[in-house]
2 protein chains.
Amino acid sequence: MTASKPQPRPCSIADALGVVGDKYALLVLRETLFGVRRFDAIARNTGAPRDILTARLRKLVEAGVLEKVPYQDRPVRYEYLPTKAGRELQPVLLLLKEWGDRHLAQTPPLVWEHDCGADVSARICCRACGEELRRGSVTPHYQVPGWSLAGPVEE
Amino acid sequence: MTASKPQPRPCSIADALGVVGDKYALLVLRETLFGVRRFDAIARNTGAPRDILTARLRKLVEAGVLEKVPYQDRPVRYEYLPTKAGRELQPVLLLLKEWGDRHLAQTPPLVWEHDCGADVSARICCRACGEELRRGSVTPHYQVPGWSLAGPVEE
DNA sequence: CGACAGGGTTTGATTTTCCTACTCACCGAC
DNA sequence: GTCGGTGAGTAGGAAAATCAAACCCTGTCG
């Protein structure tokens with residue numbers, strides 16, 4: 001009788017996707033990071049319906065990814081700025097862009113240039129040892145009561 | 001009369017999100033990368049309804065992220081393996097995990113250990129110059145006909 | 001034989017999304 | 001002063017996606 005409703009795996013990836021894991025959230029963040037911060041422009045550039053955009057913006061503000069700031073009074077108008085947490089999602093966008101460019105066979109419309117003059121290609125390294133992270137060099141450890149890597153553990 | 005339906009910004013981030021930008025796709029991929037590759041186990045660990053999971057798995061196979069492979073005949077049973085393209089999404093999961101751990105105030109249930117013995121903390125560097133990518137050191141360039149960084153350009 | 005495992009499909013209710021139109025507050029031109 | 005435009009949404013209703021639970025099919029085990 002204890003196993004009434006099996007819960008999914010507790011996981012911070014799932015938590016993060018609860019915030020940005022839908023069709024528009026990351027596109028909205030992309031726009032704000034591009035400097036496009038007003039409702040109408042975000043709606044146009046992402047293609048999000050206006051009511052959905054209203055809901056997403058509210059959710060992202062509540063989650064601390066965006067901040068809603070008035071930029072004029074009379075009439076009061078707001079813009080949406082990425083917070084620190086929002087800016088820390090930029091690498092996720094960069095990786096998705098690179099993955100999309102590599103695997104989705106579209107002409108890459110967007111190039112990100114690094115200060116050094118090169119087009120950005122991300123190299124993901126271990127902060128501790130400096131080595132590039134490769135397939136197989138990273139091992140997940142999963143120690144949550146009642147769970148293993150494979151799934152829930154019966155006691 | 002030409003501007004009947006304004007298209008959203010063409011962007012490989014949007015293309016990538018067309019494949020993995022929903023509630024379950026990346027959780028399904030997470031499971032396959034954890035070694036959980038069978039329908040029932042993926043359904044249990046992600047919490048996805050079975051019919052939705054069926055649809056997602058099909059979409060991910062079509063997109064070339066997963067591969068559907070029989071692991072026995074009589075009765076034939078399938079498992080889902082990440083392809084090369086699927087494995088290349090692992091860094092996205094790693095970044096989402098780190099972001100979730102940092103900003104969503106849950107005990108991090110999952111630790112990824114690098115070969116060097118340290119818990120993985122990703123450092124994202126420019127492949128060309130080796131410097132760590134920082135806020136402000138990356139500039140998007142957007143050269144698509146009819147578009148600028150800010151939005152569509154009227155001609 | 002009946003029970004179970006694995007991988008789904010079906011059904012019907014609930015929830016979200018989408019599209020179009022409308023509002024409200026103000027500004028600037030006529 | 002009122003007409004038109006801008007910015008940021010709301011409102012209404014149709015269409016699509018999601019959800020939970022039950023069902024199905026193939027084959028194996030006891």
Side-chain angles (χ1 to χ4, degrees), chain A residues 1 3-8 14 17-28 31-32 35-62 66-81 150-152 154, chain B residues 3-8 14 17-28 31-32 35-63 66-81 150-152 154:
Chain A
M1 63 183 64
S4 50
K5 286 279 169 70
Q7 289 303 111
L17 289 173
V19 174
V20 297
D22 69 78
K23 198 165 161 192
Y24 294 117
L26 286 177
L27 296 182
V28 170
E31 292 301 317
T32 65
V36 176
R37 288 157 181 188
R38 298 187 184 177
F39 190 92
D40 280 23
I42 296 173
R44 185 171 25 75
N45 293 357
T46 60
R50 305 172 70 83
D51 53 349
I52 305 296
L53 180 57
T54 302
R56 278 309 158 278
L57 286 169
R58 198 182 336 266
K59 184 170 155 195
L60 289 170
V61 168
E62 272 163 22
L66 298 180
E67 193 185 359
K68 183 177 186 174
V69 179
Y71 66 87
Q72 70 170 38
D73 309 318
R74 250 177 0 273
V76 63
R77 294 270 182 275
Y78 298 98
E79 62 184 348
Y80 295 89
L81 304 177
E154 325 292 332
Chain B
S4 50
K5 286 280 169 65
Q7 290 302 113
L17 289 173
V19 174
V20 297
D22 69 79
K23 199 164 160 193
Y24 295 117
L26 286 177
L27 296 183
V28 169
E31 292 301 317
T32 66
V36 175
R37 287 157 182 187
R38 298 186 185 178
F39 191 93
D40 280 23
I42 296 172
R44 185 169 26 75
N45 293 358
T46 60
R50 304 171 70 83
D51 54 346
I52 305 296
L53 180 57
T54 302
R56 278 308 160 278
L57 286 169
R58 198 182 336 266
K59 184 171 155 194
L60 290 170
V61 168
E62 272 163 21
L66 298 180
E67 192 185 359
K68 183 177 185 175
V69 180
Y71 65 88
Q72 70 169 37
D73 310 317
R74 251 179 358 273
V76 63
R77 294 267 185 276
Y78 297 98
E79 62 184 349
Y80 294 88
L81 305 176
E154 325 292 332

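All chains are named by letter (A, B, ...) in the order of the sequence lines, taking the proteins before the strands, and each is independently numbered beginning at 1.
Proximity of A/Y80 to A/V61: side-chain heavy atoms (C-beta onward) are separated by under 4.5 Å at one or more points. Side-chain contact between A/T54 and A/F39: present, with at least one pair of heavy atoms (C-beta onward) separated by less than 4.5 Å.
Taking atom CZ of A/R58 as the reference point, atom C1' of D/dT10 lies 11 Å away to the nearest angstrom. At whole-Å resolution of the value, OH in A/Y71 and P in D/dT6 are 13 Å apart. Spacing between atom CZ of B/R37 and atom P of C/dG6 amounts to 17 Å, rounded to whole angstrom units. For the pair A/D22 CG and C/dT16 C1', the computed distance is 11 Å after rounding to whole Å. The distance between atom CD1 of B/I52 and atom P of C/dG12, rounded to the nearest whole Å, is 17 Å. Distance B/F39 CZ to C/dA5 P: 16 Å, rounded to the nearest Å. At whole-Å resolution of the value, CG in A/L53 and P in D/dA8 are 10 Å apart. Rounded to an integer number of Å, the gap from CD of B/Q72 to C1' of C/dA5 is 9 Å.
For D/dA8, the base has a donor-acceptor partner in the side chain of A/R50 [N/O atoms by modelled type, under 3.5 angstrom]. A donor N or O paired with an acceptor N or O is not found under 3.5 Å between the base of C/dA5 and the side-chain atoms of B/D40.
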Go through the steps for A/D22 and A/K59 under the test side chain to side chain contact (heavy atoms under 4.5 Å, CB included), then give the verdict. CA-CA 12 Å; A/D22 69 78; A/K59 184 170 155 195; 4.0 Å; yes

Would A/L60 and A/V19 count as a side chain to side chain contact (heavy atoms under 4.5 Å, CB included) here? Give the steps. CA-CA 7 Å; A/L60 289 170; A/V19 174; 4.2 Å; yes

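Taking 4.0 angstrom as the limit, A/Y80 places a side-chain polar atom (N or O) nearer than this to OP1 or OP2 of D/dG9. Contact check, B/K59 against D/dA17: no side-chain N or O comes under 4.0 Å of OP1 or OP2. Between A/K68 and the phosphate of D/dG9, there is a side-chain N or O to OP1/OP2 separation shorter than 4.0 Å. Using a 4.0 Å cut-off, some side-chain N or O of A/K23 falls inside it from OP1 or OP2 of C/dC18.
From B/I52, atom CD1 reaches atom CG of B/L57 across 11.5 Å, with rounding to the nearest 0.5 Å. In this structure, the separation between CG on B/L27 and CZ on B/R56 is 11.0 Å, given to the nearest 0.5 Å.
Distances were taken from every side-chain heavy atom of B/T54 (C-beta onward) to each of C/dG8, D/dG9, D/dA11; the shortest belongs to C/dG8.
Residues B/R38 and A/R56 each lie close to DNA chain C; by heavy-atom proximity, the contact nearer the 5' end of the strand is made by B/R38.
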For nucleotides 24-30 of chain D, print each protein N/O atom paired with a nucleotide N/O atom at under 3.5 Å, atom names and distance only.
unit_1, atom_1, unit_2, atom_2, d
D/dG27, O3', B/R74, O, 3.4

Can I get a per-line list of side-chain donor-acceptor pairs under 3.5 Å for residues 66-76 of chain A, giving both atom names and the distance, sequence neighbours left out?
unit_1, atom_1, unit_2, atom_2, d
A/Y71, OH, A/R38, NH1, 3.4
A/Q72, NE2, A/P75, O, 3.0

